[in-house]
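Below is one structure, written out as structure tokens, with a few remarks after it.
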Number of protein chains: 2
Amino acid sequence: MFTKVLVVEDLDTVGYGISMMMKKELGIARVELTQYCDEAYLKLQKAQHDNQPFQLLITDLSFAQDHRPLQLDSGQALIEKIRDKDKDLPIIICTVEENPTMANQFIKANKISAYVLKGRDGLKDLKEAIQAVFSGHRFVSKKIAQQSNGQFAFEIEDYDVSLLLHLSHGLSQSQIARLFTNKGISPSSLSSIEKRLNRLKDVLKANNNVQLVANAKDLGLI
Amino acid sequence: MFTKVLVVEDLDTVGYGISMMMKKELGIARVELTQYCDEAYLKLQKAQHDNQPFQLLITDLSFAQDHRPLQLDSGQALIEKIRDKDKDLPIIICTVEENPTMANQFIKANKISAYVLKGRDGLKDLKEAIQAVFSGHRFVSKKIAQQSNGQFAFEIEDYDVSLLLHLSHGLSQSQIARLFTNKGISPSSLSSIEKRLNRLKDVLKANNNVQLVANAKDLGLI
DNA sequence: CACTTTTTTACGGAAAACCGTAAAAACACT
DNA sequence: AGTGTTTTTACGGTTTTCCGTAAAAAAGTG
């Protein structure tokens, strides 16, 4: 089994639970814990430099903001940064976010070894995942794996999200049109924006803009 | 210190962390853990019946859905049910939801003793909260307490919430007016609904209905 | 290039939201 | 009952959303 692992998790309740499980149930001697991505990256570098590198990284995706100014504000950013230099360190994502799209992408691009969903059996899943990764395998929590097959792979891109965000911030459709025109974002006409919103209303089963942003918020899209 | 505590938490990572902390750092001998509100209620009843009642309940607010059919689908429901019979059991809410409104209401109505936010220092807060509650005091996490000062907690009543809910479900203002008229809810005229929404827009700093429901969702009002 | 297909834009009319002002009704108080 | 206050309702005008249809532009194809 691994003997030196780094856990990146902002919620201390969760971090405590995870590291305790690893020590008690998997017998991992050195479990280090940090609540910030920046700090995690520094720890990894230092360990490398000291010739005592970590053998596994377990990280959350989203992190609550803080007083501290941060370079790396998400698990995603942390992973990208690590992969710039180190292609081999096994990484496990452990998150509440049901995001099959990015799970797929990251697994396929060999950027992560496992995607664990913090559900009712999150800890059990994580234990399995660690064992699988140690044996050189991949692991994806059931719920995510199911969704990945079902083509729920969303047809919603960044453009749509930004549209929804602006709406939720109180901008009118025409204001957004002007904004996009100025910023050189295309499509930018009022018509196109209406059309895009109609498609979104279709996908998210909404009658009007109000319900649209409500549903988008429920799905965690914005 | 308490000697017998029940923890209701669907995410096993969190539940594990909390119960470990309580055993190790607070020396609480009996920490029982359940992932379902229904089961929690049964456990409380059984313990009472066996003359070995729990001295403290720690519960989450939101619970992921499951295959199981549930009577009590939220921490809120669980608390209400408990308070029907038992007014004395100390209850601590421990959640990620930043909902100062309900924190206030529940604290004021004497329904809970503490509201702990699962943030970076959630576990630390929880420890403090348990100690405070044991000494007969209340406890509310800093972030929530700060927001509670924001005065709107009081100016928003059930009528407003139902208004916002209907909006978020895609009803137009006139549809809501008709609905309220039929149901005999007053005020029910389109004008009054507009007026009420304008007040809400003022309080929640929104330009239009879209931003209004977005903000209401952010605040956990709906 | 000529052609089809898709994407973006334009426009017009109906519905709804938005924003005043003001009357009517309900309430409170003496 | 009479007065003042608050709440509810009514209504008109303007803006924005909503929902078609259709032209213009861009992209894809043989």
Side-chain angles (χ1 to χ4, degrees), chain A residues 151 153-219 221-222, chain B residues 151-152 154-219 221-222:
Chain A
Q151 65 280 61
F154 263 117
E155 10 181 335
I156 289 171
E157 42 195 288
D158 288 353
Y159 180 87
D160 298 297
V161 174
S162 115
L163 214 50
L164 291 167
L165 269 177
H166 286 307
L167 269 187
S168 79
H169 291 147
L171 298 196
S172 71
Q173 296 178 173
S174 48
Q175 282 177 316
I176 298 176
R178 246 172 291 153
L179 183 73
F180 280 9
T181 307
N182 292 340
K183 282 198 177 183
I185 298 173
S186 171
S188 68
S189 77
L190 180 59
S191 284
S192 301
I193 287 174
E194 284 185 359
K195 194 165 195 173
R196 203 66 166 240
L197 287 175
N198 281 334
R199 201 183 60 91
L200 283 171
K201 276 176 234 164
D202 199 47
V203 175
L204 299 195
K205 296 180 187 23
N207 294 327
N208 51 38
N209 283 354
V210 177
Q211 190 177 17
L212 183 62
V213 304
N215 291 353
K217 279 208 164 283
D218 283 339
L219 290 172
L221 248 50
I222 56 177
Chain B
Q151 51 296 65
F152 52 73
F154 297 88
E155 329 177 2
I156 289 172
E157 40 194 292
D158 289 351
Y159 180 88
D160 300 295
V161 174
S162 115
L163 214 51
L164 292 168
L165 269 177
H166 285 308
L167 270 187
S168 78
H169 291 146
L171 298 197
S172 71
Q173 296 178 174
S174 47
Q175 283 176 314
I176 298 176
R178 247 171 291 152
L179 183 73
F180 280 8
T181 307
N182 293 339
K183 283 199 176 182
I185 298 173
S186 170
S188 68
S189 77
L190 179 59
S191 281
S192 299
I193 288 175
E194 283 186 359
K195 194 166 194 173
R196 202 68 165 238
L197 287 175
N198 281 334
R199 201 183 59 92
L200 283 171
K201 276 175 233 166
D202 197 48
V203 175
L204 300 194
K205 296 182 185 27
N207 293 327
N208 51 37
N209 282 354
V210 178
Q211 190 176 18
L212 183 61
V213 304
N215 291 354
K217 279 207 165 283
D218 284 340
L219 290 172
L221 248 49
I222 56 176

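Residue numbering restarts at 1 for every chain, and letters A, B, ... go by the order of the sequence lines.
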Given protein heavy atoms under 4.0 Å, the one-letter contact record of nucleotides 10-27 of chain D, with B base, S sugar-phosphate only and - none, is simply BB----SSBB--------
Rounded to whole Å, the CG-P distance (A/Leu163 to C/dT8) equals 12 Å
When rounded to whole Å, the CD1 to P distance for the pair B/Ile176 and C/dC18 reads 11 Å
Could you verify whether a donor N or O on one side chain and an acceptor N or O on the other, from A/Ser189 and A/Ser191, lie under 3.5 Å apart? no
B/Arg196 CZ to D/dT7 C1', in whole Å, measures 10 Å
In short, ring pair (Phe, Tyr, Trp, His ring centres under 6.0 Å) pairs touching residues 172-213 of chain A with sequence neighbours left out are A/Tyr159-A/Phe180, A/His166-A/Phe180
Residues passing the salt bridge (Lys or Arg N to Asp or Glu O under 4.0 Å) test with A/Lys201, sequence neighbours excluded, are none
Salt bridge (Lys or Arg N to Asp or Glu O under 4.0 Å) filter on B/Asp202, not counting sequence neighbours, yields none
Symbol by symbol from the 5' end, with Watson-Crick or G-U pairs under 3.5 Å, [ ] crossing and | another strand, DNA chain D is ||||||||||||.|||||||||||||||||
Residues passing the side chain to side chain contact (heavy atoms under 4.5 Å, CB included) test with A/Ser186, sequence neighbours excluded, are none
Here the distance between atom C1' of D/dT7 and atom CD1 of B/Ile193, to the nearest Å, is 14 Å
Salt bridge (Lys or Arg N to Asp or Glu O under 4.0 Å) pairs touching residues 182-193 of chain A, sequence neighbours excluded, are none
Residues passing the salt bridge (Lys or Arg N to Asp or Glu O under 4.0 Å) test with A/Arg196, sequence neighbours excluded, are A/Glu157, A/Asp160
Problem set entry | C/dT9 OP1/OP2 closer than 4.0 Å to side-chain N/O of A/Ser188 | yes
To the nearest angstrom, the CZ-P distance between B/Phe180 and D/dT8 comes to 12 Å
Side chain to side chain contact (heavy atoms under 4.5 Å, CB included) filter on A/Asn207, not counting sequence neighbours, yields A/Gln211
